[in-house]
Amino acid sequence: MKSVAGIRHLDHPYRTLTDGSVMHELSIATHLVAVATEALENAGETQPVTVVRIRVGALAGVVIEALEFAWDIATDCTRCAGARLEVERVPAAVRCAACHTETTVDGPLPFICAQCGQPAIDIVAGRELDLIALEVHDGPGPSAEECHATAHP
Amino acid sequence: MPPRILEVRTKILKKNDEIARALRARFAEHGLFVINVVSSPGAGKTELLAQLMTMLREQGLRPAAVVGDLATENDALRLSASGCPAKQILTGSMCHLEADMVETALDGFDLDDFDILFIENVGNLVCPQSFDLGEDLRVLLFPCTEGEDKPLKYPTLINTCDLVLFAKMDIAEAVGFDTELARRNCAQARPGVAIIETSARAGVGIDALARTIVEKQKIKRREATNLV
Ligand SMILES: Nc1nc2c(ncn2[C@@H]2O[C@H](COP(=O)(O)OP(=O)(O)OP(=O)(O)O)[C@@H](O)[C@H]2O)c(=O)[nH]1
Ligand SMILES: [Mg+2]
Ligand SMILES: [Zn+2]
């Protein structure tokens, strides 16, 4: 796995997103490449990956645009290089302690029960940050993209 | 030819979660209560922790700390002034601590020498939330200088926290901090979350914080012995 500390793109304008969030998405993208690679190895899969499908909850604290930007950097010279990142967004949902109604929250706030108007603490959806599936090129095809970038440590 | 689909269904941060789980088990085994302290940069984590650790030590407890920063050993030195062991974790360009960094930092510490471990996270309101460090308690430090609506702007971090500290309250009046509004905003992001008002500078709220921590540690110990 490539180390995040080795990334050379620190002067990119995206870095100025609030509180360095791109660095956050970059480390998440790096973790994603690692679990995807492990899954490929476990399955004995040697074909190139074309699509990486993930699920991201509204409360996962991930800026999807930043993750998409970080994806190209994190996948460089890996089994996932050139693969398209497909993101399914999951809205937050809370369950009311009083009436047990589940309310889907539009955006990250507020957590209020739609039925009785009480604040609801019990989060039942929205924290997802999951790798769902990988699509691999079937049949004889190009071998995994070769890595020519020698600038990276 | 249609693509072949490999179903995976696994958490992206699986590695971190596994290491954190192992750390949590190890902490429990040594009876160590662990607190992850998060905030924006410069919110006053180090100053508050130095005072809190001094107080806990005077009460006969044995606190220790590990502290993450992008660069410099300054914060570990400042925390050592409390007379308690403190170790620096240099994260380079990493904007948060991950479980493996904490695991490495604990090398050379005998966990039986301590009963409370503070982990001062890298100053950042976005990144630390996704990374479990094996802690028992996640504490968010929220200084009055940042305005009352910070909890609404960063709801996801506060949502994973067990305790919120309003910090630098000695200058609350000077900066026109509306404490009640800030409390309401915190409650929106995390209904029912406990809040303690503190000032490291004026030594306010440190005792209440120490009591809360000791209380929560006792509850954890009791639960652990009930399980056996
Ligand atoms: N007025 C006032 N200033 C404080 C207080 N606590 C800390 N400060 C000041 O706030 C600044 C930052 O304090 P630190 O304790 O270094 O904050 P930190 O959260 O550890 O900072 P990083 O580790 O760099 O993220 C310093 O100049 C402190 O003197 C307080 O209770 N009141
Ligand atoms: Mg500090
Ligand atoms: Zn309800």
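Quantities reported herein were computed from a predicted structural model and do not represent experimental measurements. In the text below, chain A, chain B and the rest are named by the order of the sequence lines, each starting its count at 1. The basis for the numbers below is simple: all heavy atoms, side chains too, and nothing from hydrogens, waters or symmetry mates.
Here the side chains of A:R127 and B:T160 are in contact, with some heavy-atom distance below 4.5 Å. The closest side-chain heavy-atom distance from B:M94 to A:S27 is below 4.5 Å.
Ranked by heavy-atom pairs under 4.5 Å with chain A, the list B:V193, B:N16, B:L13 is led by B:L13. When each of B:V8, B:I12, B:T10 is scored by its heavy-atom pairs under 4.5 Å with chain A, the top score falls to B:I12. Among A:A120, A:G61, A:G126, A:A43, the residue with the largest count of heavy-atom pairs under 4.5 Å with chain B is A:G61. In terms of heavy-atom pairs under 4.5 Å with chain A, the best-connected choice from B:K153, B:E98, B:R190 is B:E98.
Contact detail for B:L6 and A:A39: the closest heavy-atom pair is CD2-O, 4.1 Å. What you find for A:I28 and B:S130 is that their closest heavy atoms are CD1-OG, 4.3 Å. Residue B:Q188 comes nearest to A:F111 through the heavy atom pair O-CD1, 3.9 Å, listed as atom of the first residue, atom of the second, then distance.
Atom CZ in B:R4 sits 11.5 Å away from atom CD in A:E135 (nearest 0.5 Å). Note that NE2 of A:H24 is 6.0 Å distant from CZ of B:F131, once rounded to the nearest 0.5 Å. To the nearest 0.5 Å, atoms CZ (A:R53) and CD1 (B:I5) are separated by 5.0 Å. Rounding to the nearest 0.5 angstrom, the gap separating the CZ atom in B:R9 from the CD1 atom in A:I132 is 5.0 Å.
Between A:E38 and B:K14, at least one side-chain N (NZ, or NE/NH1/NH2) sits under 4.0 Å from a carboxylate O, which counts as a salt bridge.
With a 4.5 angstrom heavy-atom cutoff, A:I112 does not touch chain B via any of its atoms. Heavy-atom distances place no part of A:E128 under 4.5 Å from chain B, backbone and side chain included. Only the side chain of A:V35 comes within contact range of chain B, with heavy atoms under 4.5 Å apart.
Surrounding NZ of B:K216 are at most 12 heavy atoms belonging to other residues, nucleotides or ligands under 6.0 Å away. The 12-atom threshold is not exceeded at NZ of B:K11, counting heavy atoms of other residues, nucleotides or ligands nearer than 6.0 Å. Within a 6.0 Å radius of CD in A:Q115, no more than 12 heavy atoms belonging to other residues, nucleotides or ligands are found.
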